[in-house]
2 protein chains.
Amino acid sequence: MTTPQADKPSCSLCLFQRICRNAGATPALDSPERSLSPASMLWRAGETVHRQGRPVLAVFPVHDGSAKSVFESPLGWRQVTAFAHPGDVLGLEDHDSQAHCTSAVAMQDTRCCVVPIEAVRAHLLRAEYREPMLRTLRRNTERERTLLVAIGSMKAAQRLAMLLLDLASEQRRRGNSGAALTLAMSRNDIASYLGLTLETVSRLLARFASVGLITIRQRQLHIVDPAGLSAVYEDPERVPIRPPAAEPDSSPAIAPSKPLPLRPGTAGPALA
Amino acid sequence: MTTPQADKPSCSLCLFQRICRNAGATPALDSPERSLSPASMLWRAGETVHRQGRPVLAVFPVHDGSAKSVFESPLGWRQVTAFAHPGDVLGLEDHDSQAHCTSAVAMQDTRCCVVPIEAVRAHLLRAEYREPMLRTLRRNTERERTLLVAIGSMKAAQRLAMLLLDLASEQRRRGNSGAALTLAMSRNDIASYLGLTLETVSRLLARFASVGLITIRQRQLHIVDPAGLSAVYEDPERVPIRPPAAEPDSSPAIAPSKPLPLRPGTAGPALA
DNA sequence: CGGAAAATTGAGACTGATCAACCCCGGTGG
DNA sequence: CCACCGGGGTTGATCAGTCTCAATTTTCCG
């Protein structure tokens, strides 16, 4: 555990920036318990930040690096349920529980602040801090529900496109261009998250690359044709089937030709 | 909208029974805003109790009947995300949102109380009422996460067995024996909930029946062999494959022969 | 440099989706 | 009372998308 250095850029997305000295907030006339100066800790790739079932002692804003949330069902089924990046807060959704309901595992060397749970709960009582926190929580449950629907009714290619677009938009949210991203997670993690196998993910990435949607070398991913990816995401039919090697046309690949079928509810495996 | 009659048995599981006059609570020395006497309303089968995206004006404890929660993703994919029975509270998970994030649709004629959202929020501030409410909320997110893992990594038969066991235990929780249940939802709803097609659900139910796990006539379901169902749920291999008509042995069907493989994580499509 | 983990690629099997026909049952109106 | 009708449910045949198993390559790291 080290004393934190005021690393502004990485704090600028933090939920707690307004009340955290580390982020440069001025304590000013705040009452003592309203200002934070949390310690920060470093987790090595593969180490677990918090463990499912263990008491909730703190939450962990990700300063840099990244982590995955892993849920293990009573029967032993494991699944990645979320990816966390700088600005996200590990363990936040458990703030009102006795125990963490997922484990968080660092996917690379990752630095997080350590905000005691009492501080979180105290801040939740103050209306001005409550709202942003709730908004973050809601965004996460929204995301999880979208994932549920995706896994429940969309094809593999759609799900993967969804993830890539999501990662890109996260990337964008924290400044960098959304085009170039470094996947911190393994194919296995991606597969688990999407309810697929790692082979399928690998093949799909190759196919995306072969039709010019992306380029990928190991974990270096470039999104070449965001619109094309969106098309794949939105249209069940638009699963690119073209592993051929030749590149007769160098156009951005796959121009939207079909006016996007509204009401895909009919297409899915089952409706409501 | 009718004036509610004090129908104790149905109120006995209600989250609000301690503070609700309809449930027979004694207002006693409570401060005025702490006691409830909500109106109750009747929804016909198919009518929607609250709609996704609409402002949260109230929550709806189910008095009798049942409903499904339906989520519609931005792209139009629809999926049933939960089934609600007497004692459950429709819209409760949206208590801190501006808008409902799912729609609730009655699956049969259903009576719910109408608890204004302000009352809910007020009660959330009082520690003694906060806890049970949070517990309910957590139970739901736990359930939803289990569903996620189920859809993401379990086989169709396992998922269906899971649902049946879950319905049975819900049934039990509210008094009745868990053996006999009346499915309020259509095959389509079940399929949507489990991420399958209605045909698959139908076939699976037939197979379950053919191997003596259940009997089913229309929507009248009897669970003949709960242990067998659990085995199906827990063991990916134990998918009953035996549509044959003959019934050489009349034993409870499928005695557990294999010692349940621990760590099914290996078996699933992907691990964490 | 060597070994292990991660990723790719291929061939084949199998689950579950799709398409289609039929049935069952309750309701409606002649 | 019965014929018709429509929605929900069943069943069958077929097909496609993914999983599975296995071999190989690449990368990472000591």
Side-chain angles (χ1 to χ4, degrees), chain A residues 44-46 107-109 150-160 182-192 194-210 215-221 232 236-241 243-245 264-272, chain B residues 45-46 107-108 150-160 182-192 194-210 215-221 232 236-241 243-245 264-272:
Chain A
R44 291 299 178 155
M107 295 190 295
Q108 56 187 291
D109 294 359
I151 294 183
S153 28
M154 307 198 327
K155 305 241 194 195
Q158 291 182 276
R159 301 184 217 172
L160 183 57
T182 303
L183 302 178
M185 63 292 282
S186 71
R187 303 288 192 263
N188 220 331
D189 291 333
I190 297 177
S192 172
L194 296 177
L196 301 169
T197 58
L198 78 174
E199 293 97 327
T200 300
V201 170
S202 182
R203 273 186 255 269
L204 242 25
L205 285 173
R207 250 168 66 194
F208 282 4
S210 82
T215 66
I216 185 163
R217 242 185 70 81
Q218 287 301 121
R219 298 191 174 185
Q220 289 304 323
L221 177 75
V232 171
E237 308 302 314
R238 179 161 323 292
V239 189
I241 317 169
T266 309
L271 87 163
Chain B
M107 295 190 296
Q108 57 187 290
I151 294 183
S153 27
M154 305 199 327
K155 304 237 195 200
Q158 292 182 275
R159 302 183 216 173
L160 183 57
T182 304
L183 303 178
M185 64 292 282
S186 71
R187 304 291 137 109
N188 221 330
D189 292 332
I190 296 177
S192 172
L194 297 176
L196 301 169
T197 58
L198 78 173
E199 292 99 328
T200 300
V201 170
S202 182
R203 272 185 256 269
L204 242 24
L205 285 173
R207 252 167 65 194
F208 283 2
S210 80
T215 66
I216 185 163
R217 242 184 67 84
Q218 290 297 122
R219 299 192 172 182
Q220 289 304 322
L221 177 75
V232 171
E237 308 302 315
R238 186 172 302 302
V239 189
I241 318 169
T266 309
L271 86 162

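Order of the sequence lines sets the chain letters (A, B, ...), proteins ahead of strands, with each chain counted from 1. Just so you know, these numbers use all the heavy atoms, side chains as well, and skip hydrogens, waters and symmetry mates.
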Inset, instruction - Answer whether the closest heavy-atom distance between the side chains of B/Ser186 and B/Arg219 falls below 4.5 Å. - result: yes

Legend entry - Estimated bend of the helix from C/dC1-D/dG30 to C/dG30-D/dC1 (axis per five terminal pairs, rounded to 10 degrees): 30°

Legend entry - Gap between atoms CG and P, on B/Asn188 and C/dA17 respectively (whole Å): 12 Å

Inset, instruction - Nearest whole angstrom, please: distance from the C1' of D/dT18 to the CZ of A/Arg207. - result: 11 Å

Inset, instruction - Let me know the distance between CD1 of B/Ile151 and P of C/dG16, rounded to the nearest Å. - result: 13 Å

Inset, instruction - With the side chain counted from C-beta on, respond yes when B/Phe208 and B/Ile216 share a heavy-atom pair under 4.5 Å apart, and no when they do not. - result: no

Inset, instruction - Figure out the CD1/P separation between A/Ile190 and C/dA6, and round it to whole Å. - result: 13 Å

Legend entry - For atom CG of A/Leu160 and atom C1' of D/dT18, their distance in whole Å: 14 Å

Inset, instruction - Nearest whole angstrom, please: distance from the C1' of C/dA5 to the CG of A/Asp189. - result: 13 Å

Legend entry - Rounded distance (nearest 0.5 Å) linking atom OG of B/Ser202 with atom CZ of B/Arg207: 12.0 Å

Legend entry - B/Thr197 side chain near C/dA17 phosphate (N/O to OP1/OP2, under 4.0 Å): yes

Legend entry - Partner set under side chain to side chain contact (heavy atoms under 4.5 Å, CB included) for B/Thr182, not counting sequence neighbours: B/Gln220

Inset, instruction - Go along nucleotides 8-14 of chain C 5' to 3' and tag each nucleotide: B for a protein heavy atom under 4.0 Å from its base, S when only backbone or sugar atoms are that close, - otherwise. - result: SBBB---

Legend entry - B/Ser186, nearest nucleotide to its side chain (from D/dT18, C/dT18, D/dG9): D/dG9

Inset, instruction - Could you check how far CZ of A/Arg219 sits from P of D/dT27, rounded to whole Å? - result: 13 Å

Inset, instruction - Report which part of the nucleic acid B/Arg159 touches: base, sugar-phosphate, or nothing (heavy-atom distance under 4.0 Å, all strands). - result: nothing

